[in-house]
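We're numbering straight along the sequence, starting at 1.
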Amino acid sequence: MNEETAGGKIKWSRQEEVALTWVHPGQEFSHRLITKKLHGSSISFHITTYMPHFDTMVEGDGVHEVILYCLHGWSKQIVEETGEEHIFKPGDAMYLPVNYRYRHIIGEAGLVIAVCANPSKEAGDM
């Protein structure tokens with residue numbers, strides 16, 4: 001394996017060792033735990049935290065495929081195009097293609113999710 005890939009060496013990361021990225025100041029922040037720049041990984045892995053009762057529209061950027069996994073709390077997701085609603089709760093996973101749009105309403109307990117993005121997002125990327 002060449003030195004450009006993460007496959008050449010096992011690496012670890014902790015939340016408190018990486019920069020906190022505010023996606024929406026005071027409402028949503030993310031720790032980018034595994035990234036291309038930090039670990040050579042083609043994908044990135046984040047833990048994202050939302051404050052209670054945050055209500056926002058979420059849109060794909062046309063570049064990143066994303067997988068969400070609910071760890072704590074819950075939210076209501078409403079797909080704008082179809083009106084489809086889903087309560088996102090612990091144990092749920094969600095795949096997002098590069099283009100999407102949905103309303104995201106965070107419940108009273110807030111929300112903590114694990115996020116995987118391809119290609120890798122870096123600290124500071126929204």
Donor + acceptor pair across side chains of His104, Ser75 (<3.5 Å): yes
Residue pair Thr56 / His24, side-chain heavy-atom distance below 4.5 Å: yes
Closest approach of Ala117 to His46 (non-hydrogen atoms, all atoms of both residues): CB-CE1, 4.2 Å
Path from Met51 to Trp74 over hydrophobic side-chain contacts below 4.5 Å: no
Within-4.5 Å side-chain heavy-atom neighbours: Thr48 and Val112: no
ILVMFWY cluster, Ile47 and Leu68 together (side-chain gap under 4.5 Å): no
Check ion pair Glu122-Lys37 (N to O, under 4.0 angstrom): no
For the student: nearest non-hydrogen atoms of Asn99 and Gly62, plus distance: OD1-CA, 3.4 Å
Ile43 versus Cys116, closest heavy-atom pair with distance: CD1-SG, 3.7 Å
Residues Ser30 and Glu28: side-chain donor-acceptor under 3.5 angstrom: no
Glu16 atom CD, neighbour heavy-atom count above 12 within 6.0 Å: yes
Connected via hydrophobic side-chain network under 4.5 Å: Tyr100 and Tyr50: yes
Any donor-acceptor N/O pair, Glu17 side chain to Arg14 backbone, under 3.5 Å: yes
Verdict with supporting geometry, Val18 and Thr35, side chain to side chain contact (heavy atoms under 4.5 Å, CB included): CA-CA 10 Å; Val18 298; Thr35 71; over 6 Å; no
Residues His86, Met94; criterion side chain to side chain contact (heavy atoms under 4.5 Å, CB included); working and verdict: CA-CA 10 Å; His86 182 80; Met94 179 183 193; over 6 Å; no
Interatomic distance, Ile105 atom CD1 to Met57 atom CE [nearest 0.5 angstrom]: 9.5 Å
Contact check, side chains of Leu71 and Pro90, non-hydrogen atoms, under 4.5 Å: no
Any Val98 side-chain heavy atom under 4.5 Å of Val66 side chain: no
Joint hydrophobic cluster, Leu20 plus Leu111, side-chain heavy atoms closer than 4.5 Å: no
Least distance between heavy atoms, Val23 atom then Arg32 atom: CG2-NH2, 4.1 Å
From Lys36 atom NZ to Ser42 atom OG, the distance as rounded to the nearest 0.5 Å: 6.5 Å
Derivation of the side chain to side chain contact (heavy atoms under 4.5 Å, CB included) call for Ser13 and His39: CA-CA 9 Å; Ser13 182; His39 306 94; 3.8 Å; yes
Glu85 and Lys76 ion-paired at < 4.0 Å: yes
Cluster link Trp22 to Phe54, ILVMFWY, side chain under 4.5 Å: no
Separation of Ile78 CD1 from Glu84 CD (nearest 0.5 Å): 11.0 Å
Donor on one side chain, acceptor on other, Tyr102 and Glu81, under 3.5 Å: no
Distance-minimising heavy-atom pair for Ser41 and Ser120: O-CB, 3.7 Å
Closest approach of Glu65 to Tyr95 (non-hydrogen atoms, all atoms of both residues): OE2-OH, 2.6 Å
CD-CG distance between Gln27 and Asp55, expressed to the nearest 0.5 angstrom: 10.0 Å
